[in-house]
Amino acid sequence: MILDGDLTPAPLEPASPEPAPAPIPVATTWWAPYRRFLIPGAALVVAGTVAAGALLLVLKPAGSIEKMVPATVDVYAIANLDPSAAQKLNLLRAVHRFPDTSTDQKLSQQLDKALKDTGISFTGDVQPWLGPQIGVAVSVPSSGSDAPAAFFAASRDDVKARAMLTKLQAGSEGKKYNWHDTTYGNVTITVGSPIAPTSSGVPRAGVVKPSIASRAAAYTIVDHVVVIASSEALVREIIDADQGRAARLVDSTDYKATLGKVPSDRLAMVYLNGKSMVSHLKGQLTTPLAAGLAGIKGLGDAEAFQGAALALSARPEGVVADMAIRLDAGKLSSSSREALAHPGNPKAVIGWIPSSSDGFLAFASLNRTIQSVLDQAGSQPSTRMATDSIGLTGPQGILPHLTGDVALEAALDKSFVPAGAVIIGTDDANRMRSFLGGILGLASQGQAGQSKAQTATYRGVAITTMALSGISLQDQFLPAFAVLDGMGVLASTPAELKAVIDAHKDKRAITGDATYAAAARVSLPDPSGVFYVDLGRIFKAVEAAPVGSPVNSLHLKTDKNLAPLRGFIVSSVSTPDGMVERFIVLVN
């Protein structure tokens, strides 16, 4: 049922015999390849997940999706529409911050709007039977064929669920198919084949011509789970898994090992079968086209990919996604294993980022990362010549003298013009000066006129600027660099370079900013890499952008749903057998 109005949690009351209402989690559709008859399945994914935390369902016994997903699936996603009490409370808090989803009534309108082209409505046709889970399963196809895919939705009322399926079949999209029933494993499967046009290319009278995107479809209800798939064969495989005649994904060792690296208390989860995907990619490399591409002899470190999982959850601060990637260390290059085993911590270089920055990327293994990339590229003379020419490698190259610390920061001014700087750790100040000067020298090559370097001193630090010929807005782009206290800094303007120097010398870095501090508290502990954006500042800059600014065409100024967004941060931790990343969207 739907309750109109605000769903702010009320004070606790004595327990009642009624089951606790459960919200439906938020997600987005990815069912586009089957957007004809199967588009209702996509709409159900959107409907079920967007309604999380606001459309309360009194759940009855329903089927379990996990036990019927075949082990042959390569991508599997499931949303839990009846999460834990903590997840419900946190998701309610986040969802109701946005104007378009501030009440159940508004949510209902959004969901019905998403389904308007299917001939059904969420409130009238879906919500009465939708149970505690929805999911999607996809297999990587062979070359030139469509990806086998299936949509699942647990049912609390099979009669109402079948009525919705019948309504879809009778709708405008359903009429583009010829339908018939068949039986497999004592389960009735309804199979649809796209109606082909006549030999003249014109559909028969009274028949709507299907689009090129039309594909075969099949649906059924198995153990209180609605299944809509791209073929009858896939439905049969699902029935076999459910009835114990075929291996199930949830029983596989790789699935369990990968899911064990992400939180179990979650709203939704996505799993990728790495071994299978790598096998398909290797098969593609044997095709005549791939064989004709020079230099392609294998997948390199990609062959180490074992699997990945992403878990979506809600916390008081906002929405969190934890992603784990499993790797076979034995299939990695030695430099890649070294980079994963010793990722470092970018805490030191983050201390150089000005508090005025709107965002940054920082990590502490630049030297190992570059070496890994060079190892993957091989020993081709052209690659070595290019890296030598910029002073990265060679007898005087900077690579052996990089400490690994690196950060790239940026800020927007009142005209929505970005300024930024790259900060690189080094144990050789002279080589770093030569390297940065060489980079600017290469940038000026081929430009009309002669670029001249000028040197000035700021707070005891020598700053070198170089006006690049052909650049008219030199107040907005006048490259400058300096080397001090084990860091080389290359900035877009002298003002930005001075801001970095001030942040370091005065200890006024972004670490003291309230929004960043809040994001860092819920990030992974001791991260090896951090990416951060102050969304609040960005949206304020958009609102203040002058008339004629490129951002005006994006219509962001009038989107009130952006206002609750406070910040976005990604933190990562590496281990010898993979990595874990945490994505956080802070909501006011």
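Both backbone and side-chain heavy atoms feed into the values below; hydrogens, waters and symmetry mates do not.
- Under the 3.5 Å distance criterion, the side-chain polar atoms of S121 are matched with a main-chain donor or acceptor of G124.
- Considering only residues two or more places apart in sequence or on other chains, Y271 meets the ring-ring contact (aromatic ring centres under 6.0 Å, His included) condition with Y255.
- Side-chain atoms of S155 do not come within 3.5 Å of backbone N or O of H224 as any donor-acceptor pair.
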Test L168 against I120 for side chain to side chain contact (heavy atoms under 4.5 Å, CB included), laying out the working first. CA-CA 7 Å; L168 284 173; I120 63 174; 3.9 Å; yes
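- Under the 3.5 Å distance criterion, the side-chain polar atoms of T220 are left unmatched by any main-chain donor or acceptor of V227.
- Atom CZ of R266 is separated from atom CD1 of I78 by 9.0 Å, given to the nearest 0.5 angstrom.
- Between the CD1 atom of I134 and the CD1 atom of I65 there is a distance of 7.5 Å, given to the nearest 0.5 Å.
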Could you walk me through whether N178 and S193 pass the side-chain hydrogen bond (donor to acceptor under 3.5 Å, both in side chains) check? CA-CA 5 Å; N178 283 319; S193 301; over 6 Å; no
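- What you find for A519 and I569 is that their closest heavy atoms are CB-CG2, 3.7 Å.
- Smallest separation of non-hydrogen atoms from A311 and P263: CB-O, 4.0 Å.
- Using a 4.5 Å heavy-atom threshold, the side chains of R156 and W129 count as separate.
- Put simply, CZ on F568 and CZ on F531 are 6.5 Å apart, with the number rounded to the nearest 0.5 Å.
- Atoms CG and NZ, on L249 and K67 in that order, are 14.5 Å from each other to the nearest 0.5 Å.
- For W179 (side chain) and A170 (main-chain N/O), no donor-acceptor pair under 3.5 Å exists by modelled atom type.
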Does the side chain to side chain contact (heavy atoms under 4.5 Å, CB included) test come out yes or no for L115 and V126, once each step is laid out? CA-CA 10 Å; L115 287 167; V126 179; 4.2 Å; yes
side-chain hydrogen bond (donor to acceptor under 3.5 Å, both in side chains) for Y76 and E66? Distances and angles first, verdict last. CA-CA 10 Å; Y76 170 52; E66 291 97 327; 4.8 Å; no
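- Between the side chain of S276 and the backbone N or O of D74, no donor-acceptor pair lies under 3.5 Å.
- Between V191 and Y177, the closest side-chain pair of non-hydrogen atoms is not below 4.5 Å.
- By the 4.0 Å N-to-carboxylate-O rule, D125 lies close enough to K167 to be salt-bridged with it.
- The shortest side-chain heavy-atom distance between M269 and L310 does not fall under the 4.5 Å cut-off.
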List the steps and the verdict of side chain to side chain contact (heavy atoms under 4.5 Å, CB included) for E232 and T182. CA-CA 9 Å; E232 178 187 354; T182 185; 3.4 Å; yes
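- Pairing each heavy atom of A149 with each of L234, the nearest pair is O-CD2, 3.2 Å.
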In sequence, state the C-alpha distance, the side-chain angles, and the governing distance for D181 and T188, and then conclude on side-chain hydrogen bond (donor to acceptor under 3.5 Å, both in side chains). CA-CA 7 Å; D181 289 345; T188 299; over 6 Å; no
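- Classification of K88 and D82 as a salt-bridged pair holds, one side-chain N sitting under 4.0 Å from a carboxylate O.
- Contact annotation: the side chain of F583 approaches that of M323 to within less than 4.5 Å [non-hydrogen atoms, C-beta and beyond].
- Here the side chains of I238 and F152 are in contact, with some heavy-atom distance below 4.5 Å.
- When all heavy atoms of A314 and Q87 are compared, the pair lying nearest together is N-OE1, 2.8 Å.
- Put simply, the side chain of S572 reaches to within 4.5 Å of the side chain of S528, judged on heavy atoms.
- With no hydrogens or angles considered, a side-chain donor-acceptor pair links T123 and D112 at under 3.5 Å.
- Salt bridge R248/D242: absent, no basic N to carboxylate O contact under 4.0 Å.
- Between L130 and A153 the shortest heavy-atom distance is CD1-CB, 4.0 Å.
- Here the CG atom belonging to D158 is positioned 7.0 Å from the CZ atom belonging to R162, to the nearest 0.5 angstrom.
- Residue pairs satisfying the salt bridge (charged side-chain N to carboxylate O under 4.0 Å, His left out) criterion with at least one member in residues 566-579, sequence neighbours excluded, are listed as follows: K261-D577.
- At least one side-chain heavy atom of Q133 sits less than 4.5 Å from a side-chain heavy atom of S64.
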Go through D251 and K256 one step at a time and tell me if the salt bridge (Lys or Arg N to Asp or Glu O under 4.0 Å) criterion holds. CA-CA 7 Å; D251 296 328; K256 293 178 180 178; 5.0 Å; no
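- Side chains of L340 and L327 form a contact here, defined as non-hydrogen atoms less than 4.5 Å apart.
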Worked check of side chain to side chain contact (heavy atoms under 4.5 Å, CB included) between M68 and V225: CA-CA 9 Å; M68 60 179 57; V225 174; 3.8 Å; yes
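- Side-chain contact annotation: T72 with E237, donor-acceptor N/O pair under 3.5 Å present.
- With hydrogens and angles left out, the side-chain atoms of S372 and T369 include no donor and acceptor closer than 3.5 Å.
- How far OH of Y219 is from CD1 of I228: 9.0 Å, rounded to the nearest 0.5 Å.
- A donor-acceptor pair under 3.5 Å is absent between the side-chain atoms of R582 and the main chain of V570, judged by distance alone.
- The two residues V226 and A161 come nearest to each other via the heavy atoms CG2-CB, 3.8 Å.
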